Amino acid sequence: MRLAQKTRNGYVLKDAEGPGISETFSFEHLSRLNASKEIMHEPDYYDATAAARRSTMPSFQMSDLSIKQRKRLRVRHAMVSALLEMHREELVPVNDASIEHNMPEICRRALRYLSEEAPSPDDGLREEEVRNGLRRKPRGGRVTPSVAPVHSRTIRKWLASFNEFGMLGLADSVANQGNRTSYFNPEERELLMRTVSESYLSLNRPTKKTTTDDVKVAFHNENLKRKAQGLAPHRVPSREAVRNAINSIDKFQVVLNRKGYEEAEKLFKPVSSGLQVYRPYERVEMDEWKIDLITILADSGLISLFTKEELEGLGLDNSSGRWWVTVSIDCRTRCILGMKLTPNPTSCAALDCLRMTTSDKGDWADAVGAVSGWHMAATPETLVTDNGSAFRAFNFSAACSNINITHEYSAAGKPSMRGTVERLFRTASMGLLPRLSGRTFSSVLEKGSHPTEARACLKTNDLCFALVRWIVDIYHNTPHSGLGGKTPLEQWEDDMKAGNYPLKASPSVSKDRLAFGTTVERQLDKYGVTVLGVKYHSEMLSNWYSKFGKQDLNVRWLANDIGAVEVRLGDEWHQVQAVLGIFDGVHAQQWLTARRSLKTSDPAKLKWRDDVVCNAISAIQNMNGERTLEFGLITQPWNSERIASAEEA
């Protein structure tokens, strides 16, 4: 649909290509659809410039690339990013001679862009001690990653494509090379397929070798006729050509003709319970902050409230690592859009924070009993980060490209380029902890003779509670000098009342899963596909299985909602629902907890009926709000290795 008219209460949208039928949508209705990610929004779709660009830009998305294509694109992106970084630092003019001279440094910097996360501080300390002669160099060699140099004209071509089309411009088409036309002419192909069908698709179930012999006989007889007519003989197919012809026949037809209808129905009929048919965001800044509670406690005069033993127990004695928080903030309204806690800054935490930025955060506000809402949800137009390894990671850049976010890096060593988010961290340091005498932390701030256990409650969940409550009810409601005395929440609401909405809606559910999910490979069978013990099936999967039989498929799986997955059939992704509706909205960790509970009660899995599974999941979902809060804010890496490990447990 496209815009027809704006009214006082909403928009009138009309069918973009149909007979001109119009429908009115209120602002409230559109807001609900956006919050539930049921809208796919394409700004400026009918703009002449955008239409012209669509005609030349690649027709695929990042999620359409194969694993090998993504690996090659990742290296190209690292090389281009390193060249652009050196060009911004005025170290390399973009010409062949300069690029060739600086190629070793470009390769060295590109290697940093290929790094997924920051190196361990302990490893850096050990290497420094080895260099200073304080530690013996370890025996044995080690694998050192490297980036191969390329010709200067090649990297300039990559740069031109990157400037015009973004990351997609760096994708290659190696997989599309080669001659895909048939070796045989139409007459030879017709005789081959006819003979294969007559011979192999028989209730006598001949072997492939027998069918190969029948094909040779058929071609021999046909060539005798052609010789008598003065025609050139047909080329006789090889054994491999016959096998390829047999394998190209629909698997359902093979079983039907060789084993009969009952066997075909038994093998290909779907089973189980059946099939179920289901904009201020112009500039957003994102950064990481190490929560130094020791310094904050000292600055606020609260450190004297803790004994040495209590500080050690809380990990506040500088002997153990401290938490990092990844935060995104809207530069117009100064509203905090996303926040994730992680022991070490990783691309996983950055991805989780980006997904939270595009999602409604009301559940977190409700979990701490906040008075104000935390409902900001849209897709950023431009995302600005520093050059940290978490933000240079390929997965993070690919997610930005998948949902059409322009990702910009600020100049290295200049935090003022991200002044909004840097000021936020300073405000949090000075304004958060002195307020911890609220409901959750009253016992910590009281000196008395009560037991140590009752006082030492600055645990992970308490930190989550403090951060969310401070953001939603204090920071969002505190007048901000950069907003002319308005609070961030007032600025957001004033923009909404004036119709100054974010330009881009939140990504749809499928787009969300393709951008932020994990790709795993699973075998398709008559039960559909199974991930983490959850079966997914659809009519489309059933038809695909009937045609091709058992085969490995790419499945895009998102831990936040295992009620559906995206399955790649051919060159397209299709949404497939879980067979049991109870999994809608269920997080993977909740399902793992339920599985452990079921396994404890029934190791042999004799009573894992649908109602038992549903009751176990419902019990896990009824956990208290504080545990749910901690569970939602702390980054949990979900990759294919972790999924495989959980399936084997």
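Since the structure is predicted, the reported quantities are computational estimates derived from the model, not experimental observations. Both backbone and side-chain heavy atoms feed into the values below; hydrogens, waters and symmetry mates do not. Sequential numbering from 1 along the given sequence is applied to the chain's residues.
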Say whether, by atom type as modelled, one donor and one acceptor occur between the side chain of [X] and the main chain of [Y] under 3.5 angstrom.
X    : Y    : value
W492 : H476 : no
K361 : G338 : no
Y281 : T357 : yes
N477 : V472 : yes
S401 : S397 : no
D473 : V371 : yes
R568 : D64  : yes
R70  : M62  : yes
Y113 : N387 : no
D44  : D47  : no

Look up atom [atom1] in [X] and atom [atom2] in [Y], then write down how far apart they are to the nearest 0.5 Å.
X    : Y    : atom1 : atom2 : value
M376 : W374 : CE    : CH2   : 9.0 Å
E282 : D330 : CD    : CG    : 9.5 Å
L170 : M167 : CG    : CE    : 7.0 Å

Would you say the side chain of [Y] lies within less than 4.5 Å of the side chain of [X], judging by non-hydrogen atoms?
X    : Y    : value
H41  : P43  : yes
V567 : R522 : no
M496 : H375 : no
V284 : L337 : yes
E85  : Y409 : no
L383 : F396 : yes
W544 : H574 : no
F162 : H77  : yes

Fill in: Member of E566, H587, R513 meeting the side-chain contact (heavy atoms from CB on, under 4.5 Å) criterion with L558
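Among the candidates, only R513 passes.
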Fill in: Among R392, E288, H407, E285, the one residue meeting side-chain contact (heavy atoms from CB on, under 4.5 Å) with T385
H407
Please report the closest heavy-atom contact between [X] and [Y], naming both atoms and the distance.
X    : Y    : answer
S542 : H537 : N-CE1, 3.9 Å
L354 : C400 : CD2-SG, 3.9 Å
T379 : I403 : CG2-O, 3.7 Å
F516 : A399 : CE2-CB, 4.2 Å
M286 : S328 : CE-CB, 3.9 Å
G388 : D386 : N-OD1, 2.9 Å

Worksheet item: How would you list, by chain and number, every residue that makes a side-chain hydrogen bond (donor to acceptor under 3.5 Å, both in side chains) with T382, sequence neighbours excluded?
Response: none
Worksheet entry | Intermediate values then yes/no, side chain to side chain contact (heavy atoms under 4.5 Å, CB included), K535 and L580 | CA-CA 8 Å; K535 297 184 184 298; L580 294 180; over 6 Å; no
Worksheet item: Going by atom types alone, do K511 and S63 pair a side-chain donor with an acceptor below 3.5 Å?
Response: no
Discussion item. Please tell me whether Y11 and F25 form a close aromatic pair, meaning their ring centres lie under 6.0 Å apart.
Written reply: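 Aromatic pair excluded; centres sit 6.0 Å or further apart.
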Item to complete: Any chance you could lay out the side chain to side chain contact (heavy atoms under 4.5 Å, CB included) test for S359 and K37, step after step, and finish with the verdict?
Response: CA-CA 8 Å; S359 306; K37 300 190 176 186; 2.8 Å; yes
Discussion item. Between I562 and V531, does the side chain to side chain contact (heavy atoms under 4.5 Å, CB included) criterion hold? Intermediate values first, please.
Written reply: CA-CA 9 Å; I562 60 174; V531 183; over 6 Å; no
Worksheet item: More than 12 non-hydrogen atoms from neighbouring residues, nucleotides or ligands closer than 6.0 Å to CG on D571, yes or no?
Response: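 Not buried by this count: 12 neighbours or fewer within 6.0 Å.
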Item to complete: For residues 493-506, pull every pair meeting side-chain hydrogen bond (donor to acceptor under 3.5 Å, both in side chains), keeping only residues two or more places apart or in separate chains.
Response: N34-S506, R332-D495, K486-D494, Q491-D495, D495-N500
